[in-house]
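Here the structure comes first, spelled out in structure tokens, and everything after it is commentary.
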Amino acid sequence: MGDTTFGKGCHLHLIDGSAFIFRAYHALPPLTRKSDGLPIGAVAGFCNMLHRYIEGNNGPDAPTHAAVIFDKGSHTFRNDLYDLYKANREAMPEDLRPQMPLTRRATEAFNVACKELENYEADDIIATLACQAREAGGRVTIISSDKDLMQLVGDGVEMLDAMKNKRIDRDGVFEKFGVFPDRVVDVQALAGDSVDNVPGAPGIGIKTAALLINEYGDLETLLDRAGDIKQPKRRETLIEKRDQIELSKRLVQLDCATPLDFGLDELDVRKPDAEVLLPFLAEMEFRTLSRRIADQLGVEAPVIAEPAAPEAEADAPEAPAFDEADYSRVSDADALQGWIDQIRERGWVAVDTETTGLNEMIADLVGISLCVEPGRACYIPLIHKASATEDLFGSDELVEGQMPLDEALAMLKPVLEDPAIIKIGQNMKYDAKIFARYGVDVAPIDDTMLMSYAMHGGEHGHGMDTLSERYLGHTPIPIKPLLGSGKSAITFDRVPLEKAVSYAAEDADITLRLWQVFKPQLHRSKVTTVYETLERPLVPVLAQMERNGIKVDRDTLSRMSNAFAQKMAGLEAEIHELAGETFNVGSPKQLGEILFDKMGIEGGKRGKTGAYATGVDVLEDLATEHDLPARVLDWRQLSKLKSTYTDALQTHINPDTGRVHTSYSIAGANTGRLASTDPNLQNIPIRTEEGRRIREAFVAEPGHVLVSLDYSQIELRILAHIANIPALKQAFADGLDIHAMTASEMFDVPLDEMTPDIRRKAKAINFGVIYGISGFGLARNLRIPRSEAQGFIDRYFERFPGIRSYMDETKAFAKENGYVQTLFGRKIHTPEINAKGPRASFAYRAAINAPIQGTAADVIRRAMVRMPAAIEGLPARMLLQVHDELLFEVAEDGVDTVIDRARDVMENAADPAVHLDVKLTADSGQGANWAEAH
DNA sequence: GACATCACG
DNA sequence: GACGTACGTGATGTCC
């Protein structure tokens, strides 16, 4: 302080602000400001770190000048040099974004200079300031551990890793890079950086780069004399990739001449101003920190209001027992307003809806329950009617003690749509869909089911009963006794109010308690990103898709049903004739007895229940010799198509919309895949011509077409990447027929001499690998001897050794950790991997498959999350997802644009979180119906 | 409600 | 050396 002119004897501290923020963000649980729920954890950590830094720099070596330097925006001049620079970076977590401006304010509140500059990285500003300070004869300490800054070290410039409290000087840099600071950029240019996506020279890492630079002196000399290098591979790389290496150097070279609009003198160290700092800390509601700082500054600590009822926090236990919980009925506007006030104070609320049924497209809203703190919840009944016991005639008149539905919704809508209030639910997609039908767009949300899925996928189910028992030690009130079952079952609007309150309020209470348990755990399990990028944002997307539905033509289905019925009747007569007696063709048990006992066919195998097995495989074998099993196969196919599709689909056509609305379970499949239910639209026939025609009944509205985009071979591409198989990667890069290429490689057959049969075998092996191949399984699939199948597998491993190591490593990882992971960090638990016997074998194959299937599932989830923004404003709706396919309904004049945009999103869906070595491609189709579009 | 079967990726 | 086996789903009909 005092003398502000920077010069000899001055000491400048430059703090890498982004590093502080990210360290703070990841070190702390996701704290929120009590009064409004604003995420604040990173700001809290940042302030603590900044405070600790100031505290620790009061000694004799105290800086005379200091500044915190931030990045501004994500686009810099380096992106103009190379558009993929830092393209690997995952988008900033949702709950961090609003905290960024607050960290700037915090820096200013501590009275420390705070600098950033459009189009430049923080590193460039740091470099420029360090150069200026050095020239002025002062000393510089850069507080960061970023290796990109190491090029600046020397001549009075040092780095300090604040976390490890370790100083890095010239020798420290040499330790890290094998060269002194003035050659660091040369080494970085060669070695590249996968984190920042600096390409460098392929196959050259830091060690080799340092070796080369030390031998030739500098990068330019090395590149000029690259021809002298003995190792042929290295020589070629350096010659061929010269441009790329020189580009890399420009990317890593920091700019010491950024156009700053301030001088070093402005950065002089100043004492914090209590009148600025304390109000800021109070606004953030940092109680401990503001008290500590107030003490140090010798002033009164600011009073920060406790928004929660103080008596509840004083000595009552955090979570009261369930049997002491306070559950009330809300039956007028005053009472509801009281709850709304509390919600606004907290910034969050657990919400649950009660309805007349499980189908969100049809069910009516019966009541709403709310909970803001454990043990205190309410239920707002809206359309309860007299129950049968109260009124034998089942009057439709509403019972007393309820608010008008419109009034309650009008009051709640601003809360449910308020971006500052988190709405917590268990399976929020259900409630969001119900509310959407009443004109309320619930957002933002948290979902305890999805939190559990992200943390415990594969360990157990994620229904409320399971979670409550497991994590709260409480068995929820069962719904059965309230609603009854079978013919006498009633809907929730007939449940007496008092019972409804205990049941419904408890659900909201449980949800809130689960949320409080899960929220901090999410972070500790390192699945916050999975939850925030792959689970939660999918909720509104799926809700919209489900509400869109797909138009299904009843007449087409009905005609097909009739045709199937006729054919089946004919076949049934033939079958009875051949059997010599009538029996139920649909009964595998009776069929088995006819085939193997009465007709005396050899080779009948009995399953574990003692009945003969009569599956397709068995009947197909028999069909070569006998007519009856052949007819049964035909009959079964028709029976399946009729009962599961042409008949059942008709019953799913919504009378209001004329469309079929499936429901996707987000947390159903262990691998991260979605599952479609009621009806399942992910298994509509396609493999046989007869079945495929069912897709003709899935149609577009007049003036529209159905557009389908599907990933080509996504799982094999992911396998090629994960197991790192150069031959497979190359084949995909060259656009080859992957199964033909595998066949050629395995059986030494040139591609132009490939036969369909050899290709078919290779295809089976490729799929087998994805499924955790076994000789037995492959043998059965290809109907070849087991020894031959084993030979194929051995040969496959020989040709693609990476597959073997992937399988071994995955198995070892699962045994060690109890789970495996996708490329995006999704965990799939494999609790049975250490079991004994065949169960371990199952778990082992599932563990091999899960990262592949799961990564593919993550990729399409990412595409789906981004899709609404990509097709915004276009006359298009996303309707269905079938694992690797997305189906849209598009107005005729928008088709080309939609295909372009959707393909772009799908093909780049892995970026920037993961850079795949293999390109993803999506094929498209269009037509009046799904058969034509696919 | 378990089981067998079969539709999909 | 022996387990049993391809991975992941959901819907339907039979039978107890």
Side-chain angles (χ1 to χ4, degrees), chain A residues 457-458 583-592 606-620 632-633 635-649 651-652 662-665 668-688 690-692 694-695 710-716 719 764-782 786 789 793 820 828 830 835-854 856-857 860 880-885 930 934:
Chain A
F583 68 100
N584 186 345
V585 183
S587 164
K589 184 165 169 274
Q590 293 179 31
L591 175 67
R606 291 179 189 270
K608 54 186 160 189
T609 53
Y612 289 111
T614 67
V616 252
D617 290 1
V618 178
L619 295 191
E620 274 174 2
V632 171
L633 281 171
W635 183 93
R636 278 207 186 146
Q637 195 200 1
L638 296 175
S639 163
K640 182 78 174 186
L641 295 178
K642 182 171 186 291
S643 66
T644 310
Y645 300 104
T646 56
D647 285 353
L649 275 174
T651 71
H652 284 284
T662 183
S663 180
Y664 289 101
S665 22
N670 276 338
T671 52
R673 273 195 179 179
L674 300 178
S676 161
T677 63
D678 308 304
N680 182 353
L681 295 186
Q682 289 181 322
N683 71 347
I684 303 301
I686 192 165
R687 291 174 186 170
T688 66
E690 208 143 33
R692 190 190 173 91
I694 290 173
R695 295 190 172 219
D710 69 304
Y711 283 111
S712 159
Q713 306 287 7
I714 187 169
E715 293 195 351
L716 277 174
L719 174 72
I765 298 166
N766 275 334
F767 278 105
V769 167
I770 292 175
Y771 297 152
I773 199 159
S774 78
F776 187 94
L778 184 65
R780 205 181 57 165
N781 191 285
L782 286 175
R786 198 174 156 173
I793 294 170
V820 291
I828 296 116
T830 55
K836 286 259 174 287
R839 291 160 63 155
S841 307
F842 269 116
Y844 164 65
R845 289 192 300 270
I848 299 290
N849 174 256
I852 303 168
Q853 186 180 122
I860 198 164
L880 300 178
Q881 187 250 43
V882 192
H883 309 309
D884 62 359
E885 172 188 5
W930 198 3
H934 189 87

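Note on naming: letters A, B, ... go to the chains in the order of the sequence lines (proteins, then strands), and numbering restarts at 1 for each one.
- A 4.5 Å side-chain heavy-atom check between A:I694 and A:T646 finds at least one atom pair inside the cut-off.
- At most 12 heavy atoms of other shown residues, nucleotides or ligands fall within 6.0 angstrom of atom CZ in A:R839.
- Between A:R687 and the phosphate of B:dA7, there is no side-chain N or O to OP1/OP2 separation shorter than 4.0 Å.
- Using P as the reference atom, C:dA6 and B:dA4 are 13 Å apart when rounded to the nearest Å.
- A:R673 places no side-chain N or O within donor-acceptor distance of the main-chain N or O of A:H883, the cut-off being under 3.5 Å.
- Using a 4.0 Å heavy-atom distance criterion, A:L641 is classed as making no nucleic acid contact.
- With rounding to the nearest 0.5 angstrom, the CD1 atom of A:I860 is 8.5 Å from the CD atom of A:E885.
- As a whole-Å value, the separation of A:Y844 OH from C:dG4 P is 19 Å.
- Looking at heavy-atom distances under 4.0 Å, A:N781 makes contact with a base.
- Close to C:dG4, at under 4.0 Å from its OP1 or OP2, lies no side-chain N or O of A:R839.
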**OP:** With pairs defined as Watson-Crick or G-U wobble and both distances under 3.5 angstrom, please note down DNA chain C as a dot-bracket string, | for pairing with another strand.
**Re:** ......|||||||||.
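- Between A:K642 atom NZ and B:dA7 atom P the separation is 16 Å, expressed in whole Å.
- At whole-Å resolution of the value, CD in A:E715 and P in C:dA6 are 18 Å apart.
- Inter-residue side-chain proximity for A:Q682 and A:L674 is flagged as met; some heavy-atom pair is nearer than 4.5 Å.
- Judged by distance alone, the side chain of A:T830 and the main-chain N or O of A:A843 form no donor-acceptor pair under 3.5 Å.
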Original post:
How would nucleotides 7-14 of chain C be written as a contact map, 5' to 3', with B for base contact, S for sugar-phosphate-only contact and - for no contact, using protein heavy atoms under 4.0 Å?
Top reply: BBSBBSSS
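- Salt bridge status for A:E620 with A:R636: absent, with no side-chain N to carboxylate O gap under 4.0 Å.
- In this entry the distance linking CD of A:E690 with C1' of B:dC6 reads 15 Å, nearest Å.
- Nucleic acid contact for A:A843: none, since no nucleic acid atom lies under 4.0 Å from a heavy atom of the residue.
- Counting only distance, with no hydrogens or angles, the side chain of A:T644 and the backbone of A:K640 share a donor-acceptor pair below 3.5 Å.
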Using atom types as modelled, flag every donor-acceptor pair under 3.5 Å from a side chain in residues 767-782 of chain A to any protein atom, sequence neighbours excluded.
residue : atom : partner : partner atom : Å
A:S774  : OG   : A:G777  : N            : 3.0

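- Nucleic acid contact class of A:A613 (heavy atoms, under 4.0 Å, all strands): sugar-phosphate only.
- Atom-to-atom, CG of A:L782 to C1' of C:dT5 comes out at 15 Å; the value is rounded to the nearest Å.
- A donor-acceptor pair under 3.5 Å is formed between the side chain of A:T662 and the backbone N or O of A:P679.
- The distance from atom NZ of A:K608 to atom C1' of C:dC3 is 15 Å, rounded to the nearest whole Å.
- Taking the P atom of each, C:dT5 and B:dC3 are spaced 14 Å apart, rounded to whole Å.
- If you measure from atom CZ of A:R786 to atom P of C:dT5, you get 12 Å, rounded to the nearest angstrom.
- For A:V882, the side-chain atoms get nearest to B:dG9 when compared with the rest of B:dG9, C:dA6, B:dT5.
- Between the NE2 atom of A:H934 and the P atom of B:dC8 there is a distance of 11 Å, rounded to whole Å.
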